[in-house]
Amino acid sequence: MLTQEIKDAIEAHVKYFGSKEEALLLSLHSIQEHLGHIPEEALEELSYILDIPLHHIKGVVAFYEMFDTGEKAKHRIYVCNSIVCYLLKSHKVFNAVKELLGIEPGQVTRDGMFKLVEVQCLGACSEAPVFMVDNDIYKYESKERLHEILAKYS
Amino acid sequence: MKYLPNIANIHAETELNLLLKRAKRKQTADIKEYLKDGGYLALEKALNMNPMDIVEEVDKSNLRGRGGAGFPTGRKWKFCLQNPAPRYLVCNADESEPGTFKDRLIIERDPHLLLEGMIISAYALGVNRAYIYIRGEYPAGYYILKNAIEEAKKEGFLGKNILNSGFDLEILVARGAGAYICGEETALLNSIEGKRGHPRLKPPFPVQVGLWGRPTVVNNVETLSNIPIIINLGSEGYKDIGPMDYPGPKLFPVSGKVKKPGVYELPMNTTLREVIFKYAGGTIRNVPIKAVFSGALDCLSVNELDTPMDYSQFGFGGTGTVIVLTEEDDIVEACYKIAEFYEHETCGFCTPCRIGCHEQAYLLDKIVKDEATPQTWEGLRFVTKYIQPTSVCGLGAVASRLIKQAMEKFPEDFAKKEQKSFAHI
């Protein structure tokens, strides 16, 4: 399940911190980045590599919102629906994504390319309404502009 | 660097040119630019000082925490120094309060200011291993900080024997994964240790028993970024900035229905009215202001616009967050959004907060949708009263604060909704 590339990344995290426990969160980030989600089998392998009990790792994965054990998706669109974005009409972003990709929050497109995730404050409120595609933050301007941005990720 | 995520296009202005000297531009200042501006000179000066003198200087400067609680930084440091080494320094970069985006600006655009502040603080505290815990939603910041640390190492500002002073320090960057509670300092420490971000019971405080059981100072990004400024100006010079009681530059993230949202660096004797009208350009289409939310913590009415932006009344000196709502916005609906935020972010560790935050959002949802009965209102008044005194950590303590304030300050808006509930008896 875990490719050599992921194992190398995990090893690098452990070396960086000099601690397997401190490397856990970053290892989970690496798994999700490479696999598009965090499958159960990956956690078993990770538990073995880091020598951390599987139940502890599962507890951690369930706690942090960004870790996704659900359906695999190549890219994630995080749309902020916190107070400031809400005041500045974040529903337009959800509607635009739905129109373009046919997905609601929590759903993945049929081709497995995008998952729409509703999140709390992304911390760029002066640009509200905002959304993030994987690691990049954007201001929502129009449906056309959103289409252009998403095209870059396909 | 293989690739760098894009940084936020946030507008920034400064009257003081201290914290935002470089960060007002929409790009990352690298070490060359930082050095050109006299960067790391404060570090050189500090390394020639006695560590205790630095602590004294910070204490005398009256610097208070910029993360929300506003605890005096010098006092926190002194508490920590009462406990034996090894100690840790942790920078809290888990800025997750709604409407708060000031730390992001420093991290993404002027990372070396933060690093210099951390190195000086670590030297003063006798720390050899420091952490920056950055929230998962700031991936660009994560890569920028890691890159900046490499740059600083190459120049000899980090690593072994910094500038031939015999002082060693490494700074490690840890990443969160989407949990507001991890901004609570003890939850943050648990998260660094690879655990769920549950808060710990206090006391003992982190300065006594912190990361891996060792004495730990947890300071906010903006707080640490003030340290080089204090060293450069001296505590006396620093106290000349702004009012006597609350000196120093302060960042105010302004958002919502204003013409020029962004981050403003101002002294703390500025009033809320000035921030909104003089700096942020007033409201969109000049619609009258209805209310101002300070993050998800406080609700102010138009009668309170002359509040100074300091620690006195509403704690604007903490995060300084200003969210402007106008007459076009529904206050009850906005309260529901705040309740929804806490429902989403309660960590589930203690029962009053876990159940209370859920209940509060559920009841407000009914009220917003006009499905409420008189019992709904009774329930809301009950739940908002009891989350605060019965919860373990600060999240539960504030979960109902804004909503209760809004109910007191906008009784007619809530009364209108409550009237409708009688139709459902």
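Letters A, B, ... are given to chains in the order of the sequence lines, protein chains preceding strands, and every chain is numbered from 1. Remember, it's a predicted structure, so these values are computed and weren't measured experimentally.
- More than 12 heavy atoms of other residues, nucleotides or ligands shown are found within 6.0 angstrom of CD on A:E41.
- A:I83 places none of its side-chain heavy atoms less than 4.5 Å from the side chain of B:F341.
- Residues B:Y336 and A:Y86 are not in side-chain contact: their nearest non-hydrogen atoms beyond the backbone lie 4.5 Å or more apart.
- Counting heavy atoms of neighbouring residues, nucleotides and ligands inside a 6.0 Å radius, atom NZ of A:K139 exceeds 12 of them.
- Most heavy-atom pairs under 4.5 Å with chain A, from the set B:R135, B:E170, B:E95, B:H11: that is B:R135.
- No more than 12 heavy atoms of other residues, nucleotides or ligands lie within 6.0 Å of NZ in B:K160, so this atom counts as exposed by the packing criterion.
- Heavy-atom contacts from other residues, nucleotides or ligands closer than 6.0 Å to NZ of A:K15 number 12 or fewer.
- Of the residues considered (A:I57, A:L24, A:V84, A:V61), A:V84 shows the highest number of contacts with chain B, using heavy-atom pairs under 4.5 Å.
- Of the atoms belonging to A:A124, heavy atoms from both backbone and side chain fall under 4.5 Å from chain B.
- Between atom NE2 of residue B:H344 and atom SG of residue A:C121 there is a gap of 12.5 Å, rounded to the nearest 0.5 Å.
- For the atom pair CD1 (A:I137) and OH (B:Y138), the distance works out to 8.5 Å, reported to the nearest 0.5 Å.
- Of all the listed residues (B:R104, B:E97, B:E328), the one sharing the greatest number of non-hydrogen pairs under 4.5 Å with chain A is B:R104.
- Ranking A:H13, A:H56, A:Q32 against chain B, the residue ahead of the rest is A:H56, based on heavy-atom pairs under 4.5 Å.
- Atom NZ of B:K259 is surrounded by more than 12 heavy atoms from other residues, nucleotides or ligands within 6.0 Å.
- Between the B:N6 side chain and the A:D136 main chain, no donor and acceptor come within less than 3.5 Å of each other.
- Comparing B:P98, B:A179, B:P253 by how many heavy-atom pairs each has under 4.5 Å with chain A, the most go to B:P98.
- B:I323 touches chain A through its side chain: at least one heavy atom from C-beta onward sits under 4.5 Å away, while N, CA, C and O do not.
- Ring geometry for A:F63 versus B:H198: interplanar angle over 60°, hence perpendicular rather than tilted (30 to 60°).
- Residues B:S191 and A:L25 are in side-chain contact: their nearest non-hydrogen atoms beyond the backbone lie under 4.5 Å apart.
- Between A:F67 and B:A177, the closest heavy-atom pair is CZ-CB, 3.5 Å.
- Of the two parts of A:E22, the backbone and the side chain both hold a non-hydrogen atom closer than 4.5 Å to a non-hydrogen atom of chain B.
- Separation of atoms CD (A:Q120) and OH (B:Y342) is listed at 11.0 Å; rounding is to 0.5 Å.
- The structure places NZ of B:K260 at 12.5 Å from OG of A:S126, a figure rounded to the nearest 0.5 Å.
- Taking both residues in full, the closest heavy atoms of B:R175 and A:L26 are given as CB-CD2, 3.9 Å, listed atom of the first, atom of the second, then distance.
- No more than 12 heavy-atom neighbours from other residues, nucleotides or ligands sit within 6.0 angstrom of OH on A:Y48.
- Proximity of B:K146 to A:Y16: side-chain heavy atoms (C-beta onward) are separated by under 4.5 Å at one or more points.
- Between A:L88 and B:G256, the shortest heavy-atom contact is CD1-O, 3.7 Å.
- Residue A:E11 qualifies as open at atom CD: its count of foreign heavy atoms under 6.0 Å is 12 or below.
- Proximity of A:N81 to B:K337: side-chain heavy atoms (C-beta onward) are separated by under 4.5 Å at one or more points.
- Each of A:E21, A:H29, A:M132 has some count of heavy-atom pairs under 4.5 Å with chain B, and the biggest count is that of A:H29.
- Heavy atoms from other residues, nucleotides or ligands lying under 6.0 Å from NE2 of A:H147 number 12 at most.
- Heavy-atom distances place the side chain of A:S19, and not its backbone, under 4.5 Å from chain B.
- For B:T100 against A:C125, the heavy-atom pair with the smallest separation is N-SG, 4.1 Å.
- When the candidates B:V324, B:V173, B:I181 are compared by the number of heavy-atom contacts under 4.5 Å with chain A, B:V173 comes out ahead.
- When each of B:G194, B:C182, B:A174, B:A334 is scored by its heavy-atom pairs under 4.5 Å with chain A, the top score falls to B:G194.
- For B:N9, the parts lying under 4.5 angstrom from a heavy atom of chain A are both the backbone and the side chain.
- Looking at heavy atoms from C-beta onward, B:Y142 lies out of side-chain contact with A:N135 at the 4.5 angstrom threshold.
- The residue among B:E137, B:K195, B:K102, B:R196 with the most heavy atom pairs within less than 4.5 Å of chain A is B:R196.
- The part of B:I338 that comes within reach of chain A is its side chain, from C-beta onward, which places non-hydrogen atoms under 4.5 angstrom from that chain.
- Contacts of B:Y180 with chain A are absent, with no heavy-atom separation under 4.5 Å from either backbone or side chain.
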